[in-house]
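Let me begin by presenting the structure, written as structure tokens, before commenting on it.
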Amino acid sequence: MKINMDKIIRALSLALDLAQMSALDNNTNMIVEEISNIDYSKHVFMNHSKRVCYISLELAHSLQLDYSTIEELYVSSLLHDIGASNFFNRSHSYPNFIKEHCLIGSEITSDFPKFNNLSTLILYHHENHDGTGPMKLKNTDIPLASQIMRLADILDLLYDDSKPCYTQKEYISSWIEKHSNIIFSPALIKAFSQCSSKDSFWFNLENINLLDVALKDLLPEFDVYLTLDEFKKIAYIFGNIIDNKNEFTARHSTGISELAYSVAKHLGYDNEKCLKMKIAGLLHDIGKVAIPNNILEKNGPLTKDQFNIIKSHVYYTKVILDKMEVISDISDWASNHHEKLNGKGYPRALSSNEISEESRIMGVCDIYQALTEERPYRKGLSPEETFKIMDDMAKNNFICSKALSYLKETVIS
Ligand SMILES: [Fe+2]
Ligand SMILES: [Fe+2]
Ligand SMILES: [Fe+2]
């Protein structure tokens, strides 16, 4: 099976942008980078990855970089803040935020398929030309793609979505030029002056929703394909990001993924389908990136509003996974795990004939995994206690009794 990597990366960068936006609710503390006095707390991270990607590619063109470097920059700029996806929610005031998210991003992408350099480029995306960045790299020791992302990232932070682009052009340009030899190399400033002298550069920043057209101009072909196994590696990264949002769910997605895979094997599904079930398990809660951590981590009963916000995670799971297109079956199995046979599930209130066997299996695996996990207010239940509760759910037409019996056979055998 060939999976279009472009669609996967774009969907995941949307997930990262949602993560940054979800942090706005509890975004009261400041992150200020010492050298540049950049205040991240005032910035609205709407479409951050996308805009950083666009600026990076413009700079790459001005620098006349070769096509494979541009491809590499495309992937790394869309994912550059992958290590921050939980930080934005949790640790805005964390003093080491800048260094930590570079380290985490680099670590979790160390095994990233196709683009072996990604981990290094992410590690150095906050370095300064004068060596005062978090890893203290200097000048040409900083990989060029990381230098480019640094400028693009700062430009997006300086850019204010609420004002017309032409009122900001001068201020942003002079800010960047003032930091020549400090944050940016003179060569990079020259490339910036070149691409930012075009009006279209600024209009593209302003028309973020039309950016796909501009990106297509800068990178006409991104013909990289993943095998299902390579896609699984990426799914692991995102499954872990979600699991790490909360210490009590530290093994939730990986646990479901293993359970769903075992049930699929037990039922004699072919290898490709078993692997897809595994991936669906890893990604089933990816929409939780859009839920603020203070709600996900709340130790106590949720208000009605908070519950409604939590419920939206499966809506976002579907939005993110549907963007991947080629894997519509995985998207369905993953995002239907809170649907109920009586039609009262969410987010789509599907009726029983619209919920496939695979989605039903995912649903029972999710409940089993959640009940056997420890929570702040209770210990993890034993398999026997869990199945007793789930038997009642099946009797009440919440979950599928057949899927439940497949799970029992798998767990007990
Ligand atoms: Fe960053
Ligand atoms: Fe960033
Ligand atoms: Fe869920």
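Read the numbers this way: they start at 1 and go in the same order the structure lists the ligands and their atoms.
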**OP:** Check the pair Phe192, Leu59 against side chain to side chain contact (heavy atoms under 4.5 Å, CB included), reporting the backbone distance first and the verdict last.
**Re:** CA-CA 6 Å; Phe192 167 71; Leu59 290 166; 3.9 Å; yes
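Shown here are the protein N/O/S atoms lying under 2.8 Å from the Fe ion (ligand 3), water excluded: Asp285 OD1, His313 NE2, His337 NE2, His338 NE2.
Among the atoms of His125, no N, O or S atom falls under 2.8 Å of the Fe ion (ligand 2). Note on Asp81: counted as a metal contact of the Fe ion (ligand 2), an N/O/S atom lying under 2.8 Å.
Between His313 and His337, the ring-plane angle classifies as tilted under the 30° and 60° cut-offs.
In this structure, Asp66 contributes its side chain and Thr69 its backbone to a donor-acceptor pair below 3.5 Å. No donor-acceptor distance shorter than 3.5 angstrom exists from the side chain of Asn139 to the backbone of Asp141, with no hydrogens or angles considered. No donor-acceptor distance shorter than 3.5 angstrom exists from the side chain of Glu358 to the backbone of Trp333, with no hydrogens or angles considered.
Checked against the Fe ion (ligand 2), the N, O or S atom of Asp153 at the shortest distance is OD1.
A donor atom on one side chain and an acceptor atom on the other are found under 3.5 Å apart for Glu58 and Tyr54. With no hydrogens or angles considered, no side-chain donor-acceptor pair links Ser328 and Ser331 at under 3.5 Å.
For the salt bridge (Lys or Arg N to Asp or Glu O under 4.0 Å) with Glu258, the lone residue among Arg251, Lys265, Lys278 that qualifies is Arg251.
Expressed to the nearest 10°, the angle at the Fe ion (ligand 1) joining NE2 in His126 with NE2 in His101 is 90°.
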